[in-house]
A.B. asks: 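Attaching a single structure in structure tokens format; questions to follow.
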Amino acid sequence: MVRHYCGGVSACINSSWTLFTWNSKIRHLVNQGHAHNALLLFRHMKRTSLTPNNSTFPFLLKACATLSHLLNSKIIHAHVLKSRFQANIYVQTAMVDMYVKCGQLEDAHNVFVEMPVRDIASWNAMLLGFAQSGFLDRLSCLLRQMRLSGIRPDSVTVLLLMDAILRVKSLTFLGAVHSFGIRIGIRDDLSVANTLVAGYAKCGDLGSAEMVFDEIETGLRSVVSWNSMIAGYAKFEKYVKAVNCYKLMLDGAFSPDICTILNLLSSCVQPMALFHGLLVHSHGVKLGCDSDVCVVNTLICMYSKGGDVHSARSLFDCLSDKTCVSWTVMISGYAEKGFMSEALTLFNAMESAGEKPDLVTVLALLSGCGQTGSLELGKWVDNYSVNKGLKDNVIVCNALIDMYAKCGSFNDSKEVFYGMANRTVVSWTTMITACALNGDVKDALDLFFMMLEMGMKPNHITFLAVLQACAHGGLLESGLECFNMMTQKYGISPGIDHYSCMVHLLGRKGHLTEALEIIRSMPFEPDAGIWSALLSACKLHDKMEMGKFVSEQLFELEPQVSVPYVEMANIYASAEMWDGVADIRRKMKYLQLRKSPGQSIIQVNGKSTVFTVEDRKHPETLYIYDMLDAFTSHSKKGLLGYAEEILEGWE
């Protein structure tokens, strides 16, 4: 008797074991996740007089697939070739699956092609390989061959097709596979329906996701069905719908799991959803999910986004096993709110705790620096990126270009951009945006056309950056050229922001009628932003009648916003129509609207402070106004002295 240790469990290997016993032991080890020990056990089996059979090889091949170890795979393949089971359909299918999971797609295809007989599992194994590798052409070709051979696709086939399509997020292809699934009669398959719900949401079609979900009979829905729908709402930031869906789930006597809570919390990661997030947090505590690090990380993010950084920090401090994600979401929370001093302190504490900041951590700091104009800290992060070897990453360089541009250090933006070894579309777009932001319209257009000459294909964000530059510089002809190029040459459908730029540009040049025609021709309803752009143009060119019409649209869309009322009052005042001004003021008083005062921002010791006119809320108000009075007095004395010097010169 030989004693061997497998997976920490003492296993007695007896020479009297039958082949059935060996196969059972190997199968058990593979199913328990001890693939390496299963291969070791097979080595002992080979030392006996027993010969492996068609029940032995599939589990050995499965063990190799689990390990993704190519050498072991080749060895077992050699054993198969020496046996009389090399043409066995189950063994060969397992071999195709093994090579696919080892990343050896051509080896898998060679085995597949040589199979004398193939069943649905064989075809699905090969389809899986092409799906995971993103080879849609080869996938569709193989599917066509499968149907011509008389094999009827099943639900697994459709799931594989959807997996491939979701990797490229093609809504058109997903709809085609959906239709294909209906035609082959798997419309009622729950796994397919659940994947379709998740798939449509990921591809940006929430309406179709809801339609598929509603078509699943209530009694047939699973927790996965509800989770998929809630995750879809979370992706679109529809937190009210997500919570309502959760209520229906509970009414249906379904037991939520940790994925349900995570999806719900993700839907509440936005400023307006903090109250709903609190309710979900409370329910998560009752379900016992609050100890999970992923849930806590999402809660930290949710509270930070909702403006309650104190609660986020309390959760962070109570977290015993902090991961890199935990540190990063808390640093990001501080950075987004402009608390750069706290963000940097936590960043240093993260390193002191032995946790290595990753790419996302650095990007969070850079984003915060750009938002708050923290140039010195931004330069420190730049140097840190160089020292840690992160500046070789194109994403970091793109973030640095954006940060320097927002901080007003345009030359540093250009230095980073022109120093990049490789530039992506995002790099070019970010630099074009930086030029537009800093008023260098000529450079923005030059970069755009240079990008085209180098064979780079612009996306909708690139065109938005170019149109913003044209609007900023008042370049109507260039703007129209780029807008037409976007739609006609590149087939990109303009979004609301593209139309808004064109309205701003046309309005600035006095073409208000054309601007209004563009708004009316849009394939979607105009928002407040685009009407505001036209109202500003009406004010600029004293277009009273159109101003009245546009302001009415804004009053309906945003009745509690004071800006359009103030703009319209200014238009009346410019025309000396004081009755109109008085009427607007009466409306504002009735609606209790007040004009928002202008704000100034100053940064001291890494912390940003916002001031308004006659602001008395700052804790250092007395010292601030004492200093302002001193400055005022000093300025007056200086001005008086300067005037006396001039008078003396005249004498």
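In this text, all values refer to a predicted model and were calculated from it rather than measured experimentally.
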A.B. asks: Under the rule for side-chain hydrogen bond (donor to acceptor under 3.5 Å, both in side chains), what residues qualify as partners of Glu210, not counting sequence neighbours?
C.D. replies: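 Here the qualifying residues are Tyr233, Lys241.
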
A.B. asks: Please answer whether the main-chain N or O of Val113 pairs with a side-chain N or O of Arg118 as donor and acceptor at a distance below 3.5 Å.
C.D. replies: yes

A.B. asks: Which donor-acceptor pairs under 3.5 Å do side chains of residues 323-330 form with protein atoms, sequence neighbours excluded?
C.D. replies:
from	atom 1	to	atom 2	distance (Å)
Thr323	OG1	Val325	N	3.3
Thr323	OG1	Ser326	N	3.3
Thr323	OG1	Ser326	OG	3.1
Ser326	OG	Asn297	OD1	2.7
Ser326	OG	Thr323	N	3.1
Thr328	OG1	Cys324	O	2.8
Thr328	OG1	Thr361	OG1	2.7

A.B. asks: Kindly write out the residues that satisfy side-chain hydrogen bond (donor to acceptor under 3.5 Å, both in side chains) with Lys74, not counting sequence neighbours, or none if the list is empty.
C.D. replies: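 Lys74: side-chain hydrogen bond (donor to acceptor under 3.5 Å, both in side chains) contacts with Asp107.
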
A.B. asks: Excluding sequence neighbours, so at least two apart, what forms side-chain hydrogen bond (donor to acceptor under 3.5 Å, both in side chains) with Thr21?
C.D. replies: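 Thr21 satisfies side-chain hydrogen bond (donor to acceptor under 3.5 Å, both in side chains) with Thr18 only.
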
A.B. asks: What is the minimum heavy-atom distance between Val96 and Ala125, and which atoms define it?
C.D. replies: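 Taking every non-hydrogen atom into account, CG1-CB, 4.0 Å.
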
A.B. asks: For Ser228 and Ser225, does a side-chain donor sit closer than 3.5 Å to a side-chain acceptor?
C.D. replies: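 Not at all, the side chains of Ser228 and Ser225 share no donor-acceptor pair under 3.5 Å.
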
A.B. asks: If you compare all heavy atoms of Gly495 against all heavy atoms of Phe524, which two are closest, and at what distance to 0.1 Å?
C.D. replies: C-CZ, 3.7 Å

A.B. asks: Residues in side-chain hydrogen bond (donor to acceptor under 3.5 Å, both in side chains) with Asn459, at least two apart?
C.D. replies: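 For Asn459, the residues satisfying side-chain hydrogen bond (donor to acceptor under 3.5 Å, both in side chains) (neighbours in sequence not counted) are Thr462.
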
A.B. asks: Might you point out which heavy atoms bring Asp163 and Ala131 nearest each other, and give the distance in Å?
C.D. replies: OD2-CB, 4.4 Å

A.B. asks: Where is the tightest heavy-atom contact between Asn227 and Met249, given as atom of each residue plus distance?
C.D. replies: OD1-CE, 4.4 Å

A.B. asks: Please find the pair of heavy atoms, one from Leu264 and one from Ser267, that lie closest to each other, and give the distance.
C.D. replies: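 Of all heavy-atom pairs spanning Leu264 and Ser267, the closest is O-OG, 2.5 Å.
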
A.B. asks: Counting neighbours of CZ on Arg167 that are heavy atoms of other residues, nucleotides or ligands and sit closer than 6.0 Å, is the number greater than 12?
C.D. replies: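 Yes.
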
A.B. asks: Quick check on Asp317: does its CG atom have over 12 non-hydrogen neighbours (other residues, nucleotides or ligands) under 6.0 Å away?
C.D. replies: yes

A.B. asks: Show which side-chain atoms of residues 271-288 pair as donor or acceptor with protein atoms under 3.5 Å away, not counting sequence neighbours.
C.D. replies:
from	atom 1	to	atom 2	distance (Å)
His281	ND1	Tyr303	OH	2.8
His283	ND1	Tyr246	OH	2.4

A.B. asks: Look only at the side chain of Arg27 and the backbone of Phe59, and say whether a donor-acceptor pair between them is shorter than 3.5 Å.
C.D. replies: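 Checked: no pair found.
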
A.B. asks: Return the CG to OH distance between Leu365 and Tyr334, rounded to the nearest 0.5 Å.
C.D. replies: 13.0 Å

A.B. asks: For Pro153 and Ile120, which heavy atoms make the closest approach, and how far apart are they?
C.D. replies: CA-CD1, 4.1 Å

A.B. asks: Is the closest side-chain donor-acceptor distance between Thr157 and Asp154 under 3.5 Å?
C.D. replies: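 On atom types as modelled, these side chains qualify, holding a pair under 3.5 Å.
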
A.B. asks: Counting only heavy atoms not in Lys337, do more than 12 fall under 6.0 Å of its NZ?
C.D. replies: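 Yes, NZ of Lys337 has more than 12 neighbouring heavy atoms, counting only those of other groups under 6.0 Å.
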
A.B. asks: With Cys259, which of Asp257, Ile261, Leu262 fulfils side-chain contact (heavy atoms from CB on, under 4.5 Å)?
C.D. replies: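 Result: among Asp257, Ile261, Leu262, Asp257 is the only option passing the side-chain contact (heavy atoms from CB on, under 4.5 Å) with Cys259.
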
